[in-house]
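Chain letters run A, B, ... following the sequence lines, proteins first and then strands; every chain starts at 1.
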Amino acid sequence: DAAVTQKPRYLIKMKGQEAEMKCIPEKGHTAVFWYQQKQSKELKFLIYFQNQQPLDQIDMVKERFSAVCPSSSLCSLGIRTCEAEDSALYLCSSSQGGSGNTLYFGEGSRLIVV
Amino acid sequence: GMPVEQNPPALSLYEGADSGLRCNFSTTMKSVQWFQQNHRGRLITLFYLAQGTKENGRLKSTFNSKERYSTLHIKDAQLEDSGTYFCAAANSGTYQRFGTGTKLQVVP
């Protein structure tokens, strides 16, 4: 599988604190996706970037998250004010050429909000 | 209903057994991808299909866009096949939608 790197692997935040997770997509990939996974259940789509521009995102991300891809080699997903329900595994994936192409995933950042 | 329905939610197989997983789509999808999620959380790509059937060792996957389903067949199950399997399907221009996963346990 391609190498998508995510950092940190784990982070623990208190309610109300800010959290930030970073993703380095596979070199040459133009699409980046963030997903949230709770308790090994299905992956919930959060936001999709194409050529560093956000093309689609869910309301929760618009309201409480901050996500940017300032360069093709680094993206970040932030939570402005952590809530208990944000505890989850955050998975970043990238693909060549946009949605519908093969996705490659990182190992994820596991956020625990206490 | 859900755009991607995946069955079964859980499966227990003896070593050497064969079985299959299935994803049904509520709408026409252009591509499907199957993943195995390991104990560390990483999603490993098993197959990407835009149509037809692909095989890789003991695994085989089929995607029928017209009939709106995809299958993953595991032959001669091994202990290392244990994990959670997901399908993810996309229509052009949209993000991949994931199934609810199948937790597979292979026992000796």
Legend entry - Cystine candidate A/Cys92-A/Cys75, SG separation under 2.5 Å: no
Legend entry - B/Ser31 versus chain A, the contacting section by heavy-atom distance below 4.5 Å: side chain
Legend entry - Between B/Met29, B/Arg97, B/Gln33, B/Gln37, the one whose heavy-atom pairs under 4.5 Å with chain A are most numerous: B/Gln33
Legend entry - Contact leader toward chain B among A/Gly108, A/Ser40, A/Gly106, where contacts are heavy-atom pairs under 4.5 Å: A/Gly106
Inset, instruction - Count the heavy-atom pairs under 4.5 Å between each of A/Gln37, A/Gln6, A/Lys41 and chain B, then report the option with the highest count. - result: A/Gln37
Inset, instruction - Please state whether the side chain, the backbone, both or neither of A/Leu43 comes within less than 4.5 Å of a heavy atom of chain B. - result: both
Legend entry - Residue A/Leu55 versus chain B: region with a heavy atom under 4.5 Å: neither
Inset, instruction - Answer with yes or no whether the hydrophobic clustering places B/Phe63 together with B/Tyr48; edges join I, L, V, M, F, W, Y residues whose side-chain heavy atoms lie under 4.5 Å apart. - result: no
Inset, instruction - Evaluate the ring planes of A/Phe45 and B/Tyr95, with Trp represented by its six-membered ring, and classify them as parallel (under 30°), tilted (30 to 60°) or perpendicular (over 60°). - result: parallel
Inset, instruction - Would you please classify the geometry between the A/Tyr35 ring and the B/Phe98 ring as parallel, tilted or perpendicular, with 30° and 60° separating the classes? - result: perpendicular
Inset, instruction - Check whether any side-chain heavy atom of A/Arg110 lies under 4.5 Å from a side-chain heavy atom of A/Leu11, and answer yes or no. - result: no
